[in-house]
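Single-structure report; data block below.
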Amino acid sequence: MEKRVICLIAVIGLLLIGCVTPAKKGPETRPSLEKELFSTYVSKARESETRGDLLSARENYKLALTVNPQDKPVEAHLTRLEKDILAAAEAHYQTGLDLNSQGRYKEARNQFLMALALRPGYPEALEQIGAKKLPSFKKHIVHVVKPGETLSKLAQFYYEDFKKFPIIAKYNGLEDATQLRVGQEIRIPRLDGMDRVAGEDRNDLAADEQDDRSETDEEAPVDQATIYRDLGVNLFMEQKYDEALIEFEKVLKTDPKDKMAIEFSYRAHYEIALALFKKKDYLTAKDQFASCLQYRADCQKCHAYIQKSEDLYKEIHYRKGIQYFEDEKLDDAIGEWKLVSAMDPDYRRTNYLIQKARTILKRVEEIKKRQAPGQDR
């Protein structure tokens, strides 16, 4: 009896030990998910870097490090990227100064905006685009441009200092001080402290006119969204639509209802779509027209182009399939018809043609096997 009790206790003990034995761990899904997320961020960063969007690249590298802060290669790459961004901002700023000194103000402003897009708050660049307006000039005279005249020559004649040509250029709102045309009227402002402008009594000068500028007027502070928006508009006008979209996307992240960013994003996608459509890249064009609808849902032209792009895409690949089939290139024919079927399975009996081509291929393979050396006939 005593032996039975001891055995029973031993059995119960073993069962209890078995119950408390730690269960085997299931698949470690968390590390796997983190690894996948890390890879996704790094991949997006590299794509952004390739297309020149350094800010987006930096953002994605930082996100990758939030997932895996110990990754030294990414950390080192991010450090190098930060330096590259600052160097690029400085390069744009210096280019802007050079263009400014040449009187090419529109191009200079674009460079300053690029510098600020890369380095928000860049004080020197902000100063260039957000500087005070020109001081008030109570009077100005009008000069009609003659052949061979430049702003430098006018500054030398009127102010006896050719280096003061930017005063004339900015006063007249010229985007490029190097571009004057014969017959153009240029206002020459009086400078503070001067009783008269040199040569004022010349016959080619018009009468004095009043100007209502205020000495205390200053431009409104320039915020980062304005910088991105202005740069986007400039890039759009230069037909750099992909680059413009990057800047407008930054604006819309700050203010999703920004009307100008929405309008220009729509127009940029539309221009890209039209170019692709003309190149007969119908599938990509369709995607771009669809992107237009995110900004202007009532765009009937976009809906029409989407349908036309689909129809042309299907018809082109359908006809290619027919041609391959007639040339006995059945694998190629199937490949073309699959593209059509993926978009519209019911298009002109495409699935039937695919099955027919596969059946013929199968029969051809069977015939080849029977005719192969060593096979029974």
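Since the structure is predicted, the reported quantities are computational estimates derived from the model, not experimental observations. Count residues from 1 along the sequence.
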Flag side-chain contact, heavy atom, 4.5 Å: His317 against Lys338: no
OH (Tyr295) and NE2 (His269) are apart, to the nearest 0.5 Å, by 4.0 Å
Does Met343 have more than 12 heavy atoms from other residues, nucleotides or ligands lying within 6.0 Å of its CE? yes
Please evaluate residues Asn68 and Val74 with respect to the criterion side chain to side chain contact (heavy atoms under 4.5 Å, CB included), reporting the C-alpha separation (whole Å), side-chain torsions for both, the decisive distance (0.1 Å), and the verdict. CA-CA 9 Å; Asn68 183 8; Val74 169; over 6 Å; no
Evaluate the side chain to side chain contact (heavy atoms under 4.5 Å, CB included) criterion for residues His303 and Gln307: first the C-alpha distance (whole Å), next the side-chain angles of each, then the deciding distance (0.1 Å), finally the verdict. CA-CA 6 Å; His303 287 291; Gln307 187 60 55; over 6 Å; no
Would you check, one step at a time, whether the test side chain to side chain contact (heavy atoms under 4.5 Å, CB included) holds for Glu326 with Gln323? CA-CA 5 Å; Glu326 291 176 353; Gln323 188 61 54; 4.1 Å; yes
Test item: Asp298 and Arg296 side chains (from C-beta on) under 4.5 Å apart, heavy atoms: yes
Do the side-chain N and O atoms of Gln111 and Asp98 include a donor-acceptor pair separated by under 3.5 angstrom? no
Verify side chain to side chain contact (heavy atoms under 4.5 Å, CB included) between Gln94 and Leu97, making sure each step is shown before the conclusion. CA-CA 5 Å; Gln94 292 298 332; Leu97 290 179; 3.9 Å; yes
Would you call Glu336-Arg319 a salt bridge at under 4.0 Å N-O? no
Shortest non-hydrogen separation from Ala333 to Phe325 and the atoms involved: CB-N, 3.8 Å
d(Leu235 CG, Glu243 CD) to nearest 0.5 Å is 5.5 Å
Go through the side-chain N and O atoms of Glu149 and His143 and say whether any donor and acceptor fall under 3.5 Å apart. yes
Minimum-distance pair of heavy atoms, taken over all atoms of Cys292 and Cys302: CB-SG, 3.6 Å
When the ring planes of Tyr347 and Tyr318 are compared, do they come out parallel, tilted or perpendicular, using 30° and 60° as the limits? perpendicular
For Val340, does its backbone N or O pair with a side-chain atom of Asp344 as donor and acceptor, under 3.5 Å? no
Which heavy atom in Phe248 sits nearest to a heavy atom in Gly232, and how many Å separate them? CZ-C, 3.3 Å
Check whether Tyr122 and Leu113 end up in the same hydrophobic cluster, where Ile, Leu, Val, Met, Phe, Trp and Tyr are linked by side-chain heavy atoms less than 4.5 Å apart. yes
Side-chain heavy atoms of Phe38 within contact of Lys35, under 4.5 Å: no
Minimum heavy-atom distance between Ala125 and Leu116, given as atom pair plus value: CB-CG, 3.7 Å
If you group Ile, Leu, Val, Met, Phe, Trp and Tyr by side-chain heavy-atom gaps below 4.5 Å, do Leu274 and Met237 land in one group? no
Heavy-atom closest pair (Leu78 atom, Leu65 atom, distance to 0.1 Å) is CD2-CD1, 3.7 Å
Got a second to check how far Asn110's CG is from Leu99's CG, nearest 0.5 Å? 9.5 Å
Count I, L, V, M, F, W, Y as connected when their side-chain heavy atoms are under 4.5 Å apart, and connections chain through other members. Are Ile360 and Tyr324 then in the same cluster? no
With under 30° as parallel and over 60° as perpendicular, where do the rings of Tyr270 and Phe289 fit, or are they tilted in between? perpendicular
Hey, are the side chains of Glu249 and Tyr228 touching, using non-hydrogen atoms and a 4.5 Å cut-off? no
Can you tell if the side chain of Leu339 reaches within under 4.5 Å of the side chain of Leu283, non-hydrogen atoms only? no
May I ask whether Tyr305 and Ile316 are part of the same hydrophobic cluster, defined by side-chain heavy atoms of I, L, V, M, F, W, Y residues being less than 4.5 angstrom apart, directly or through others? yes
Angle between ring planes, Phe112 versus Tyr93, binned at 30° and 60°: parallel, tilted or perpendicular? tilted
Looking at side-chain heavy atoms only, is the closest gap between Leu245 and Ser265 below 4.5 Å? yes
Could you tell me if Gln355 and Asn351 have a donor-acceptor pair between their side chains, going purely by distance under 3.5 Å? no
My understanding is that only one of Glu82, Glu75, Glu49 makes a side chain to side chain donor-acceptor pair (under 3.5 Å) with Tyr61; could you say which? Glu49
Working to the nearest 0.5 Å, report the span between CG of Asn234 and CZ of Arg109. 7.5 Å
Whether over 12 other heavy atoms sit under 6.0 Å from Glu328 CD: no
Please examine the side chains of Arg229 and Lys250, heavy atoms only from C-beta on, and report whether any two atoms are closer than 4.5 Å. no
Show the nearest heavy-atom pair for residues Ile168 and Arg187, with the distance to one decimal. CG2-O, 3.9 Å
Arg267 to Phe264, cation-pi by 6.0 Å centre distance and 45° axis angle: yes
Consider only side-chain heavy atoms of I, L, V, M, F, W and Y, link residues closer than 4.5 Å, and tell whether Leu252 and Leu293 are in one cluster. yes
Any side-chain heavy atom of Tyr41 sitting closer than 4.5 Å to one from Val67? yes
Please round to the nearest 0.5 Å and tell me the distance separating atom CG of Leu86 and atom CG of Leu54. 10.5 Å
With a 3.5 Å distance limit and no angle check, can you tell me whether Ser43 reaches the backbone of Thr40 through a side-chain donor-acceptor pair? no
To the nearest 0.5 Å, how far apart are CD1 in Ile186 and OH in Tyr158? 10.5 Å
